[in-house]
Amino acid sequence: METIRAAVSHGVGEPLVIEQIQLSPPGDNQLRIQIEAVAICHSDITFIDGGWDCPFPAVFGHEAVGRVTVAGPGTKTPVGTRVLVTLIRSCGTCPTCSSGDRVHCEDPRDHMNGVIQTMEGQPIFHAMNCAAFAEAVVVHESQTAPIPESISVAGAATMACGGITGIGSAVNTAKVRPGETVVVIGAGGVGLNAIQGAYIAGAARIVAVDMVESKLDDAQAFGATDGILASGPSPWRRLRRIAPRGADVVLVTVGAPVAYDTAPKYLGVGGRIAVVGMPHQDATATYSPMNFGYAGHQMLGSLMGDTVLSRDIPWMVDLHGQGRLKVEEMVSKTWSLEQINEAIADTRTGAARRNVILL
Ligand SMILES: [Zn+2]
Ligand SMILES: [Zn+2]
């Protein structure tokens, strides 16, 4: 056990407290990583606000970059490697992993008797397999991917959740084809990456939908061809002026239930919706099931963009190097660990692309 500093949550809605906790050395197939940057994701805030049940105390944070300092038995990543740290943990051998689906690994894990505990030896909830609001983490090697120095530390952190979730929702989940019309609801950190994903996949029209005018301007800088302000009446009707057949794909990148109520209204015949944003656990949506049968609509779940890290990170890094993928542009502002509550408050406003804590 070693002592590190972490931002610990002690209860729903309470501010995080920077304090010392204990971190175990890496076991089989685990790496110890010194965290250099961790971004704040709306999923962290959903847990902090009680939108998803979890025990406390807890350490959140799952969108990070750092350097391997200790490699546990059975790992292949050399000490010193700069890596992304994400929540996607895959054993590689369960039926789900074996089928190529790495985000839904069924290997059981114990988040309360994991690698972190209080200085008194009491359990701390190891949130999302990461607990990266901390100076260091111990994670399964499958949760990491090498990331070159050519990507800034803050930018690289944003790839670990917002980047892969958005890009992957278009490329992996919805499998956008050249010429398709793609509607992206929400032009925040995940939405802008979904727009980039649709652009990379060759969508003919990429229509951003948001409640805030300035975010529609942002969306165009990331590849959107059109914008629809959702604050007006029946915004889906305006899509028919841009794409008379309606959308082939709607990527819902926000957690607000109303976005799920309205998503099917944008669809054309045979269209598909990807559920990308993560609503609170008690949220429900309402839509006409008849249309799904009659018009051949589909609804697809998209967890972490159905990313396979070893397959997807290398091409994303390559596109970034060619100037074809925006990464650094995702960072709104950087903060110190001591400022984490301010950074969370700023993220809650919805104005930020990504706030990143630098350690
Ligand atoms: Zn996230
Ligand atoms: Zn598995």
Side-chain angles (χ1 to χ4, degrees), residues 6-17 38-64 85-89 103-104 109 111-112 114 124-134 137 143 157-158 160-166 168-169 173 185-194 210-212 215 251-261 263 274-285 301-305 307 330 332 335 340-357:
V8 181
S9 296
H10 287 276
V12 170
E14 290 185 24
L16 311 195
V17 181
V38 56
I40 292 167
C41 175
H42 287 279
S43 294
D44 298 311
I45 296 175
T46 300
F47 269 118
I48 292 167
D49 290 348
W52 301 329
D53 288 336
C54 77
F56 290 92
V59 176
F60 303 105
H62 61 279
E63 189 167 344
V85 180
T86 181
L87 62 82
I88 303 169
R89 182 192 185 285
V103 302
H104 296 105
R109 56 207 66 166
H111 296 286
M112 284 311 283
I124 300 177
F125 179 59
H126 189 240
M128 294 169 275
N129 310 314
C130 286
F133 288 160
V137 297
Q143 295 173 240
T158 71
C161 176
I164 56 178
T165 297
S169 70
T173 308
I185 301 181
V190 174
L192 294 174
N193 277 301
D210 203 284
M211 304 290 281
V212 181
K215 291 174 113 178
L251 305 172
V252 188
T253 69
V254 294
V258 65
Y260 294 87
D261 291 340
V275 177
V276 187
M278 296 287 281
H280 289 200
Q281 63 195 18
D282 299 329
T284 55
S302 182
L303 179 63
M304 300 300 288
T307 300
M330 297 310 305
S332 307
W335 309 73
I340 193 165
N341 290 307
E342 292 160 69
I344 287 170
D346 188 81
T347 304
R348 272 202 184 94
T349 68
R353 293 174 184 173
R354 273 297 190 262
N355 281 308
V356 181
I357 307 291

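None of the values given here were measured: they were computed from a predicted structure. For this chain, numbers begin at 1 and follow the sequence in order. Side chains included, hydrogens not; waters and symmetry mates left out as well; all remaining heavy atoms used.
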side-chain hydrogen bond (donor to acceptor under 3.5 Å, both in side chains) partners of [X], counting only residues at least two apart:
{"X": "Ser302", "result": "Thr173"}
{"X": "Asp210", "result": "none"}
{"X": "Asn129", "result": "none"}
{"X": "His280", "result": "none"}

Handout entry: Contacts of type side-chain contact (heavy atoms from CB on, under 4.5 Å), residue Ala351, not counting sequence neighbours
Key = Thr349

Problem - Residue pairs involving residues 49-60 (criterion side-chain hydrogen bond (donor to acceptor under 3.5 Å, both in side chains); sequence neighbours excluded) - result: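 Counting only pairs at least two positions apart or across chains, the side-chain hydrogen bond (donor to acceptor under 3.5 Å, both in side chains) contacts touching residues 49-60 are Asp49-Arg348, Asp53-Gln281.
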
Can you find a pair of side-chain heavy atoms, one from [X] and one from [Y], that are under 4.5 Å apart?
{"X": "Val252", "Y": "Val275", "answer": "no"}
{"X": "Ile344", "Y": "Leu16", "answer": "yes"}
{"X": "Thr158", "Y": "Glu63", "answer": "yes"}

Where do [X] and [Y] come nearest, in terms of heavy atoms and distance?
{"X": "Ser43", "Y": "His62", "value": "CB-CE1, 3.9 Å"}
{"X": "Ala343", "Y": "Ile357", "value": "CB-CD1, 4.0 Å"}
{"X": "Thr347", "Y": "His42", "value": "O-CE1, 3.3 Å"}
{"X": "Val137", "Y": "Ala131", "value": "CG1-O, 3.5 Å"}
{"X": "Ala285", "Y": "Tyr260", "value": "CB-CB, 3.6 Å"}
{"X": "Gly61", "Y": "Cys130", "value": "O-CB, 3.2 Å"}

Handout entry: side chain to side chain contact (heavy atoms under 4.5 Å, CB included) evaluation trace for Asn193 with Thr165
Key = CA-CA 8 Å; Asn193 277 301; Thr165 297; over 6 Å; no

Problem - side chain to side chain contact (heavy atoms under 4.5 Å, CB included) assessment of Met128 paired with Asp44 - result: CA-CA 9 Å; Met128 294 169 275; Asp44 298 311; 3.3 Å; yes

From [atom1] ([X]) to [atom2] ([Y]), nearest 0.5 Å:
{"X": "Met304", "Y": "Ile164", "atom1": "CE", "atom2": "CD1", "result": "4.0 Å"}
{"X": "Ser9", "Y": "Ile340", "atom1": "OG", "atom2": "CD1", "result": "8.0 Å"}
{"X": "Ile88", "Y": "Cys161", "atom1": "CD1", "atom2": "SG", "result": "8.0 Å"}

Practice task
Using the side chain to side chain contact (heavy atoms under 4.5 Å, CB included) rule, take Val190 and Val276 through it: C-alpha gap first, then chi angles, then the decisive distance, then the call.
Solution key: CA-CA 8 Å; Val190 174; Val276 187; 3.9 Å; yes

Practice task
Quick one: do His10 and Phe56 satisfy ring pair (Phe, Tyr, Trp, His ring centres under 6.0 Å)? Show the steps, please.
Solution key: CA-CA 6 Å; His10 287 276; Phe56 290 92; 8.7 Å; no

Verify, without hydrogens or angle tests, whether [X] (side chain) and [Y] (backbone) share a donor-acceptor contact under 3.5 angstrom.
{"X": "His111", "Y": "His126", "value": "yes"}
{"X": "Gln143", "Y": "Thr86", "value": "yes"}
{"X": "Asn355", "Y": "Ile40", "value": "no"}

Practice task
Kindly determine whether Thr253 and Ile185 satisfy side chain to side chain contact (heavy atoms under 4.5 Å, CB included), including the steps that lead there.
Solution key: CA-CA 6 Å; Thr253 69; Ile185 301 181; 5.7 Å; no

Handout entry: Steps toward ring pair (Phe, Tyr, Trp, His ring centres under 6.0 Å) verdict (Phe47, Phe60)
Key = CA-CA 8 Å; Phe47 269 118; Phe60 303 105; 5.4 Å; yes

